[in-house]
Amino acid sequence: MKKILALFAIIMIVAVSGCVGGKNVAGKSGYGLEILNFSSSADSLFSKQTSIITMQVENQGGAKVNSDNGLALLIIPTDWEITQPAGEYAQAYKKDINFEDTNKGTVAGIDYFKWTVKAPPLAQGQTSIYPIIGRIYYDYQTTLSGNIWIYPEAELYSENQKGSKLEKSSYNTTRGPISISMSVAPDPVPIYSDGEIFPITITLKNVGGGTVYKNDVVTSSYYDLPESYRDRVTLGITTPSNLVINDPTCTEDIIFFGDTATIMCDVKVVSAPKTKQLSPISINVYYGYYTEKQISVTVNGKETISDETPTPTPTPSTDYVLDADITIIDSTTTSPTPAKTINFCPGSKIGSNYKFIVSDVTSASAKIRVEGLPDASDTAENTITKGSTWETERNRASFSITINSIDTTSKIVKATIVVDKKVQTSDRQFVTLTDSTVLTSPLGTAYTFRFTGLANTSSGASGYPQALNYATFDVNGNTITVYRNTAGQCIKTLQVGSEWIGIGIDNSATAIAGGDTPTTGSIKTILAVGTSRTAVEDSIRNGYYASDSCSAALTQITLGSSC
């Protein structure tokens, strides 16, 4: 395989010679496939001299690593050369790598990799320190196995009256770089009749110190990893026949925000048990994962080079400004803004702020970083050659960025940034029934959000303002009920034709008057319409909320605000 990554060349030229610890990086006890050792046969070389880079990995988790779904990768500066295996940055696993199983008496599987590399030519008297990175990609699985106890309401009441000890849910999990925890509230679960629903909350955490991505993306010969596949996992839930996952969408394309993903699933009890019942549940998380280690190798020059003036190494160019024309496709709005950092604030039109940052400028190229705010995960960057275009799909919009010119004398990078909206959002406060607002989708469809009802009585609503339970809206003839507490979903999405609509309730929403069926309220909402469910959900979750879990503290919406 001759595929070459767009490897970054980070070269730090120093005026002194010496060693920088390139011999060994020792691994610690880990969670999945871990790099035990990544080292160079020499930590100091002369120019054009060869060194052997070795890597040893061990499966320290609780799942098998399939040889077809991952690889080991060497990342070196572009002026280095791999001589053995010739030009091969990536190497496939030699076999499946099993995990340690004390019941079967098997030990953790190990694999080894070796590259012979050649240092670049350097002029005599010159010394450079180079970073060399070893990375491993692999698909993995973490499993939670547990038991949920379900009580008929009468039996639960009787046991409580007698002061008897109640059975509680219990769980075991396998070891992996993504951990799983689950909770049921209340615990045990009281059931009054057939068809009742109770929520389970699943929390996934990235504990392995690496990067998570969607499984079945990286193979033994392919390691391009588009931004759209990062921070995504697949969830599978197995229940006994008496329990049914009431909302199958809770297992679709789970997204990490930072190092955590929280999922709330409604579970329906098909038939109420006649006595307390033990219900086993299994949760499997399937994902790809990569970790890496870095060493540094010093190269001492010994070549006679006719040009005594070395080409300067590009450095982050904080003295350059980005002079960009930003155009929104459907409104043809242009706003040229010369600055080191450009803030693009779509406000209620898209639901998130974007920032464009220029760095690493040369006469031929510049690096542009698109940074989503407040959601740092909605971020990407790319080095763009002058005259070329970079297109990137973000959560709420897609951007086409063209560098038109680079003026190294005036320190200006001129660019055109074209924005295509994927979702539109709006803050709205509803007070009386029949209050309504209209929001037009990026495709031009007008959706009328009409406030039609609310309720403030629920056993799960204790402690909330005015004990608000839920609010109901009519959207172009579709009924959407959004909860304010743990009785249901705090964010609701609905597909209408080829588009998606969504509503989220702010944590300060209250019912004002009317007893059990109030007629007025202070219902602050975030409304969203767009061409994909993910874009709509991300706009509600990231643009305004810290979490979509009803049990977590939500970031309050400030009505009428922009970036």
Side-chain angles (χ1 to χ4, degrees), residues 249 327-333 344-354 372-375 378 393-399 419-454 470-484 489-509 520-545 548 554-563:
T249 61
T327 302
I328 304 176
I329 284 181
D330 62 355
S331 60
T332 321
T333 300
F344 168 51
C345 175
S348 63
K349 290 185 178 180
I350 296 182
S352 181
N353 186 7
Y354 285 98
L373 300 174
D375 48 319
D378 195 13
E393 289 283 329
R394 311 315 315 140
N395 288 345
R396 283 156 209 80
S398 60
F399 298 102
V419 183
D420 186 7
K421 296 197 292 279
K422 295 169 64 178
V423 63
Q424 297 200 56
T425 62
S426 176
D427 294 337
R428 184 66 162 85
Q429 182 171 9
F430 295 89
V431 178
T432 60
L433 298 186
T434 73
D435 270 3
S436 65
T437 190
V438 177
L439 187 60
T440 302
S441 74
L443 296 183
T445 307
Y447 291 94
T448 300
F449 293 77
R450 187 178 303 279
F451 180 33
T452 58
L454 54 85
Y470 62 80
T472 301
F473 299 85
D474 178 275
V475 186
N476 290 21
N478 299 282
T479 299
I480 298 182
T481 298
V482 191
Y483 285 78
R484 171 61 185 80
Q489 293 177 300
C490 296
I491 290 176
K492 271 292 184 67
T493 57
L494 179 68
Q495 187 172 15
V496 180
S498 61
E499 297 186 306
W500 287 84
I501 56 179
I503 302 176
I505 289 186
D506 180 72
N507 66 334
S508 65
T520 59
S522 177
I523 313 300
K524 295 180 180 180
T525 62
I526 171 67
L527 315 174
V529 295
T531 55
S532 76
R533 176 184 173 184
T534 300
V536 168
E537 288 184 343
D538 285 350
S539 293
I540 296 175
R541 289 170 175 158
N542 287 348
Y544 295 85
Y545 288 113
D548 65 335
L554 304 179
T555 301
Q556 182 170 326
I557 298 170
T558 302
L559 293 177
S561 69
S562 63
C563 304

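Please read these numbers as outputs of a predicted model, since none were measured by experiment. Atoms considered below: every heavy atom in the structure, side chains included; atoms not considered: hydrogens, waters and symmetry mates.
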For Tyr447 and Asn478, run side chain to side chain contact (heavy atoms under 4.5 Å, CB included): C-alpha distance rounded to whole Å, both residues' side-chain angles, the deciding distance at 0.1 Å, then the answer. CA-CA 10 Å; Tyr447 291 94; Asn478 299 282; over 6 Å; no

Applying the side-chain contact (heavy atoms from CB on, under 4.5 Å) test to Lys492, which of Ile501, Val482, Ile505 qualifies? Val482

When rounded to the nearest 0.5 angstrom, what is the spacing between CD1 in Ile523 and OH in Tyr470? 12.0 Å

Interatomic spacing from CZ in Phe473 to OG1 in Thr525 - rounded to 0.5 Å: 5.5 Å

Please name all residues satisfying side-chain hydrogen bond (donor to acceptor under 3.5 Å, both in side chains) with Thr434, sequence neighbours left out, ordered by chain then number. none

Nearest non-hydrogen partners of Ser436 and Thr448, listed with the distance: CB-CG2, 4.2 Å

Any donor-acceptor N/O pair, Asn476 side chain to Ala446 backbone, under 3.5 Å: yes

Identify the heavy atoms of Leu443 and Ser498 that sit nearest to each other, and give their distance. CD1-OG, 4.3 Å

Partner residues of Thr445 under the side-chain hydrogen bond (donor to acceptor under 3.5 Å, both in side chains) criterion, sequence neighbours left out: Glu499

On a heavy-atom basis, the closest approach of Phe449 and Gly502 is CE2-O, 4.2 Å

I need the Leu527 CG to Phe430 CZ distance, nearest 0.5 Å. 5.0 Å

Pairwise distance CD1(Ile503) to CD1(Ile480) - rounded to 0.5 angstrom: 4.0 Å

Rounded to the nearest 0.5 Å, what separation is found between the CZ atom of Arg428 and the OG1 atom of Thr437? 5.0 Å

Taking side-chain contact (heavy atoms from CB on, under 4.5 Å) as the definition, give me every residue that meets it alongside Thr452, ordered by chain and number, with sequence neighbours left out. Arg450, Thr472, Asp474

